[in-house]
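Have a look at the structure below, then the notes.
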Amino acid sequence: MLKLENITKTFDLTENKADIRVALDNISLEIDDGEFVTIIGGNGSGKSTLMNIISGAFSADSGKVIIDNENVNNLKEHKRAKFLGRVFQDPNMGTAGNMSILENMELAYKRNTQKTLKWGFKKEHYNCFKESLSKLNLGLETRLEQKVKLLSGGQRQALTLLMATIKKPKILLLDEHTAALDPKTARKVLTLTNDIITTEKITTIMITHNMRDAIKYGTRLIMMYDGKIIFDVKGEEKSKLTGEELLDKFDEQEKDII
Ligand code: ADP
Ligand code: MG
């Protein structure tokens, strides 16, 4: 499904050529169809940069991004958005606040089709949208005409998630999408995320700074450090993983540096 080949990404911090930061250091990674990968790693380890390279927000200095056997290096971000779902940390980013829930959902639905919605279709969609909203258990199904800016952060993030998956994306990219929510709401949105991903079997990459969540959710866990993948487990090995073992992996790296 997704293949990264020898991806390197550097940032020039100043005009000084010597002052560069290596955000991704020759990363190769292959993710299979239906895998749910959690990514963990310290601040600045390259997690978001990796996601930005996949989405096309950044282009790599070298290396290849291959999605469904197609090299997408030259495919712009808005073109990739047609088959990628994305949810960011900031609840304001994925939805248009001045538009209604219904309008937002219609936009998300139309994202990868050229056709405009005809009235007949519209009514069908209305019922379909209502049904998927009611599954969120947030009471949004009775508020379809309301502007999204009136929703809470958690409701908005749940809606963004629904919109990102309204048409099954080839890959769903979640960048700490519950980090800005209060713990209780974060838990609710995360449970919902897991439900959608496992029911629809969506290939997913989820960045989290919460080790327990990285262990609890998903079928594969990747740890990043200093622009590199330093740990990659799946299947039974992942399900046996403990927080302590994961912390030890972190510590090993720190020791190497000292
Ligand atoms: P993470 O998401 O793991 O916290 P990032 O991928 O955001 O880390 O950042 C990796 C490294 O790249 C950091 O050193 C960061 O400062 C640098 N970086 C990321 N984005 C930019 C940018 N747009 N301009 C300059 N440096 C950046
Ligand atoms: Mg980040």
Side-chain angles (χ1 to χ4, degrees), residues 2-29 31 36-65 67 72-73 76-78 80-81 84-94 153 157 160-161 164 171-181 183 186 189-190 193 204-215 217-218 220-233 243 246-254 256-258:
L2 171 71
K3 210 165 160 187
L4 301 180
E5 283 179 11
N6 307 99
I7 297 283
T8 293
K9 176 70 183 172
T10 54
F11 292 102
D12 299 318
L13 300 180
T14 60
E15 296 286 297
N16 183 352
K17 284 263 180 289
D19 202 7
I20 59 162
R21 177 156 298 161
V22 181
L24 296 177
D25 187 1
N26 196 26
I27 290 226
S28 293
L29 172 67
I31 294 176
F36 177 2
V37 184
T38 58
I39 299 193
I40 192 141
N43 268 340
S45 57
K47 306 181 297 296
S48 296
T49 304
L50 186 76
M51 226 166 238
N52 283 320
I53 294 282
I54 297 168
S55 73
F58 295 162
S59 55
D61 301 346
S62 56
K64 277 188 208 159
V65 181
I67 298 176
V72 296
N73 273 22
K76 295 255 182 316
E77 185 180 17
H78 70 274
R80 295 191 206 179
L84 296 177
R86 236 187 146 181
V87 186
F88 297 92
Q89 186 172 333
D90 183 352
N92 298 327
M93 274 181 79
Q157 223 41 349
T160 306
L161 193 66
I171 308 167
L172 177 63
L173 302 170
L174 308 170
D175 192 349
E176 302 201 26
H177 72 302
T178 60
L181 308 174
V189 173
L190 206 51
T193 305
T204 301
I205 303 176
M206 178 174 93
I207 296 173
T208 172
H209 61 246
N210 186 319
M211 263 189 209
R212 263 173 303 164
D213 291 339
I215 292 174
Y217 297 105
R220 179 172 174 186
L221 180 149
I222 283 175
M223 186 188 273
M224 290 187 67
Y225 189 90
D226 205 16
K228 296 185 192 71
I229 293 174
I230 57 153
F231 186 52
D232 184 352
V233 272
L246 213 47
L247 266 177
D248 284 347
K249 296 275 170 204
F250 257 124
D251 291 344
E252 275 169 33
Q253 295 299 318
E254 298 291 346
D256 280 353
I257 285 174
I258 300 165

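Along the sequence shown, residues are numbered consecutively beginning with 1. Order of listing sets the numbers, starting from 1, for every ligand and every atom in it.
For the pair Ile27/Met224, a side-chain contact is recorded, criterion being any heavy-atom separation below 4.5 Å from C-beta on. Residues Met93 and Arg86 are not in side-chain contact: their nearest non-hydrogen atoms beyond the backbone lie 4.5 Å or more apart.
Side-chain atoms of Thr38 never come within 3.5 Å of backbone atoms of Met206 as a donor-acceptor pair (strictly under, hydrogens ignored). Looking at Asp25, its side chain never comes within 3.5 Å of a backbone N or O of Gly227 through a donor-acceptor pair.
Any N or O atom pair closer than 3.5 Å counts here, and Gly44 shares at least one such pair with ligand 1. The shortest N or O to N or O distance between Phe11 and ligand 1 is not under 3.5 Å.
Regarding atom 7 (O) of ligand 1, its nearest protein heavy-atom neighbour is Ser48 CB, 3.8 Å. At the top of the distance list for atom 15 (C) of ligand 1, counting protein heavy atoms only, stands Arg21 CD, 4.2 Å.
Listed by atom number, the atoms of ligand 1 under 4.0 Å from Gly42 heavy atoms are 3 (O). Taking every non-hydrogen atom of Ala23 and a distance limit under 4.0 Å, the qualifying atoms of ligand 1 come out as 10 (C), 11 (C), 12 (O). Every atom of ligand 1 is numbered from 1 in the order shown, and the set under 4.0 Å from a heavy atom of Asn43 is 4 (O). Heavy-atom proximity to Thr49, at under 4.0 Å, picks out these atoms of ligand 1: 5 (P), 6 (O), 9 (O), 10 (C), 19 (C).
At a cut-off of 2.8 Å, Met51 does not coordinate the Mg ion (ligand 2) through any N, O or S atom.
Separation of atoms CD1 (Ile54) and CD1 (Ile7) is listed at 8.5 Å; rounding is to 0.5 Å. Remark: Ile215 CD1 to Ile40 CD1 distance equals 7.5 Å, nearest 0.5 Å.
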Derivation of the side-chain contact (heavy atoms from CB on, under 4.5 Å) call for Leu246 and Leu221: CA-CA 10 Å; Leu246 213 47; Leu221 180 149; 3.9 Å; yes
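For the pair Lys228 and Tyr225, the cation-pi criterion (under 6.0 Å, within 45° of the ring axis) is not fulfilled.
Heavy-atom distances between Gly41 and ligand 1 stay at or above 4.0 Å for every pair. Heavy-atom separations between Gly227 and ligand 1 are all 4.0 Å or longer.
By the criterion of a heavy-atom distance under 4.0 Å, both the backbone and the side chain of Lys47 are placed next to ligand 1.
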